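Worksheet: the structure to be examined is printed underneath.
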Amino acid sequence: MSHTSTILLLGSGELGREFVISAKRLGAYVVACDSYDDAPAMQLADAREVFSMLDGERLREAAEKHRPDYIVPEIEAIRTSVLAELEEEGFTVVPSARAAQLTMNRDAIRDLAANELGLVTSKYRYAKNLEEVKAAAQHTGLPCVIKPVMSSSGKGQSTVRSEAGLEEAWDYACANMRGDRQRVIVEQFVDFDYEITLLTVRHKDGVIFCPPIGHRQERGDYQESWQPTPMSDTAIDKAQEMARKVVDDLGGYGLFGVEFFVRGEEVIFSELSPRPHDTGMVTLVSQNLTEFDLHARAVMGLPIPGELRARPAASAVILAERDSASLAYEGLAEAMADGADIRIFAKPTSRPYRRMGVALATAGDTDEARRKARDAAHRVRILYGD
Ligand SMILES: Nc1ncnc2c1ncn2[C@@H]1O[C@H](COP(=O)(O)OP(=O)(O)OP(=O)(O)O)[C@@H](O)[C@H]1O
Ligand SMILES: NCC(=O)N[C@@H]1O[C@H](COP(=O)([O-])[O-])[C@@H](O)[C@H]1O
Ligand SMILES: [Mg+2]
């Protein structure tokens, strides 16, 4: 069989699943990897490899076996030192091994953004034991947000409002951290007016931005997102300038999800993903080229349009309530009755709050789209067979 390129996808969740669709439309052969079998992206890919992305030996083996044109990380927790070696040896890591390395841990990207690039961030300090957590909270003031340096989707994250809560937050972070470093970031709590994801595409001819995406989070995890979200010219200019600085520094080609908090005209950099972003799933209905299409094009060196537009649209997540390894779904027809669309990720197991699907809707304005997407998400029922 002949393909346009071979892609080794590291992480095979819902974002990878949509990326596989976009890449395969452009003729790619995709090998999907994750730590468990039948992960969402594997179900659609040409081949699969099941191993922990933190297992450097297995990672190298997979690269040597498939000889991919592009190694595309889909999660943070990857043995990135091996990505750096592979890049040295001539493999292409997306967007770059340096980007994967610096964003895997919150401390590396925060230090780069705040210290080297001079971006505005919340006050922060790192800690590796309870004593240091207490000292860090003195520095940031209360409330503060405590997160493991290696985690995503809010895992191990909590907001602490009084000194008495610090110990519990430290224990919670330790119990939920990934990787091998017992280290947290303690951040000043930002009382923002709203927060955005600025999807930023770095491609062979330059850098371009999607209209900003607004989102709402609970427990550090996204619940709904909408696009476009209104921003003053001053605020959008500041966000774009900061996003450009950071993606140019990280280098390589691909789409980045750059997260900001906005308070008045003040724009505060939070973090970024050097790959499609969960809140960007709204682009599945809002943009002609979705964030996954844009990532695939940028990676493969294909043209990106000079302007990216979005029609008013929203996404709302469908979350599981409990653990199960036997799942079924009901209510899709009702959910789609008012024009919304549903994506089911077909994850083989559930756990409390695990994201199992997403509802998508367009409308005359984003408020109406949010209502439609939320209603649709509520109509999908997950059935637990065990
Ligand atoms: N310093 C802060 N002040 C106020 N809210 C915060 C702060 N840090 C995080 N949050 C809230 O928690 C959410 C998740 O935080 P963050 O993006 O750092 O975590 P994450 O685990 O990397 O999430 P994801 O992987 O989904 O992007 C933010 O979008 C925001 O709503
Ligand atoms: N905020 C990052 C994010 O949304 N990542 C997405 O979630 C998957 C893991 O889901 P799981 O924890 O249900 O396996 C990842 O593989 C990626 O698609
Ligand atoms: Mg985030």
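Bear in mind that the values here come from a model prediction, so they are computed numbers and not experimental data. Along the sequence shown, the residues carry numbers beginning at 1. Counting starts at 1 for both ligands and their atoms, in listed order.
Of the polar atoms of S153, at least one N or O is found under 3.5 Å from an N or O of ligand 2, judged by distance alone. The shortest N or O to N or O distance between S151 and ligand 1 is not under 3.5 Å. When only interatomic distances are considered, the shortest N/O to N/O separation between Y36 and ligand 2 does not fall below 3.5 Å. Between S152 and ligand 2, not a single N/O pair is under 3.5 Å apart. For a threshold of 3.5 Å applied to N or O pairs, the pair formed by I75 and ligand 2 contains no separation below that value. Note: an N/O pair closer than 3.5 Å links E259 and ligand 1 by distance alone. Between V145 and ligand 1, no pair of N/O atoms sits closer than 3.5 Å. Taking distance alone, with nitrogen or oxygen atoms compared against 3.5 Å, S270 stays at or beyond that limit from ligand 1. Taking distance alone, with nitrogen or oxygen atoms compared against 3.5 Å, G13 approaches ligand 2 more closely than that limit. Among the atoms of F192, none of the N or O lies under 3.5 angstrom from an N or O of ligand 1.
Under a 4.0 Å N-O distance rule, the pair R60/E89 qualifies as a salt bridge. Ion pairing of E57 with R79 is absent here, as no side-chain N (NZ or NE/NH1/NH2) approaches a carboxylate O to less than 4.0 Å. We find that R354 and D323 are not joined by a salt bridge, their nearest charged nitrogen and carboxylate oxygen being 4.0 Å or further apart.
Using a 4.0 Å cutoff on heavy atoms, M356 does not count as a contact of ligand 2. Every heavy atom of R17 sits 4.0 Å or more from the atoms of ligand 2. Under the 4.0 angstrom criterion for non-hydrogen atoms, R106 is in contact with ligand 1. Residue contact annotation: F189 has a non-hydrogen atom under 4.0 Å from ligand 1.
Here the protein heavy atom with the shortest distance to atom 15 (O) of ligand 1 is Q157 OE1, 3.3 Å. Here the protein heavy atom with the shortest distance to atom 12 (O) of ligand 2 is R351 NH2, 2.7 Å. For atom 8 (N) of ligand 1, the closest non-hydrogen atom of the protein is K147 NZ, 3.0 Å. Looking only at protein heavy atoms, the nearest one to atom 24 (P) of ligand 1 is S153 N, 3.5 Å. Ranking the protein heavy atoms by distance from atom 15 (C) of ligand 2 puts E74 OE1, 3.5 Å first. At the top of the distance list for atom 21 (O) of ligand 1, counting protein heavy atoms only, stands G154 N, 2.7 Å. Looking only at protein heavy atoms, the nearest one to atom 7 (C) of ligand 1 is F261 CZ, 3.6 Å. The closest protein non-hydrogen atom to atom 8 (C) of ligand 2 is E14 OE1, 3.5 Å. Protein heavy atom at the shortest distance from atom 4 (O) of ligand 2 is R355 NH1, 3.0 Å. Of all protein heavy atoms, the one closest to atom 13 (C) of ligand 1 is Q217 OE1, 3.6 Å. Protein heavy atom in closest approach to atom 28 (C) of ligand 1: E195 OE1, 3.4 Å. Of all protein heavy atoms, the one lying nearest to atom 3 (N) of ligand 1 is V190 N, 2.8 Å.
Residue R381 places its CZ atom among more than 12 non-hydrogen atoms of other residues, nucleotides or ligands, all under 6.0 Å distant. For E163, the CD atom sits in a loose shell: 12 or fewer heavy atoms of surrounding residues, nucleotides or ligands are nearer than 6.0 Å. Open room surrounds NZ on K128; 12 or fewer heavy atoms of other groups in view lie less than 6.0 Å from it. Summarising the local packing, CZ of R309 is surrounded by 12 or fewer heavy atoms from other residues, nucleotides or ligands at distances under 6.0 Å. Atom CD of E168 has 12 or fewer heavy atoms from other residues, nucleotides or ligands within 6.0 Å. Other residues, nucleotides and ligands place no more than 12 heavy atoms under 6.0 Å from the CD atom of E241. Taking a 6.0 Å sphere around CG of D37, one finds it holds more than 12 heavy atoms contributed by other residues, nucleotides or ligands.
The shortest heavy-atom contact between P212 and I236 is CG-CD1, 3.7 Å.
Near D278, meaning under 4.0 Å from any of its heavy atoms, are these atoms of ligand 1: 26 (O).
Relative to atom 22 (O) of ligand 1, the option among M150, E271, R355, Q188 with the closest non-hydrogen atom is E271. Of the candidates H277, R354, K347, it is K347 that places a heavy atom closest to atom 10 (O) of ligand 2. Of the candidates L10, V317, D278, L15, it is L15 that places a heavy atom closest to atom 5 (N) of ligand 2.
In this structure, E74 contributes its side chain and G16 its backbone to a donor-acceptor pair below 3.5 Å. A donor-acceptor pair under 3.5 Å is formed between the side chain of D46 and the backbone N or O of V30. Judged by distance alone, the side chain of T4 and the main-chain N or O of L26 form a donor-acceptor pair under 3.5 Å.
Distances from the Mg ion (ligand 3) to the N/O/S atoms of E271 are shortest for OE2.
A cation-pi geometry, defined here as NZ or CZ lying under 6.0 Å from the six-membered ring centre and within 45° of its normal, holds between R161 and F189. For the pair R351 and Y36, the cation-pi criterion (under 6.0 Å, within 45° of the ring axis) is not fulfilled.
Taking the six-membered ring where tryptophan is involved, the planes of H277 and H215 are tilted, since the angle between them lies from 30° to 60°.
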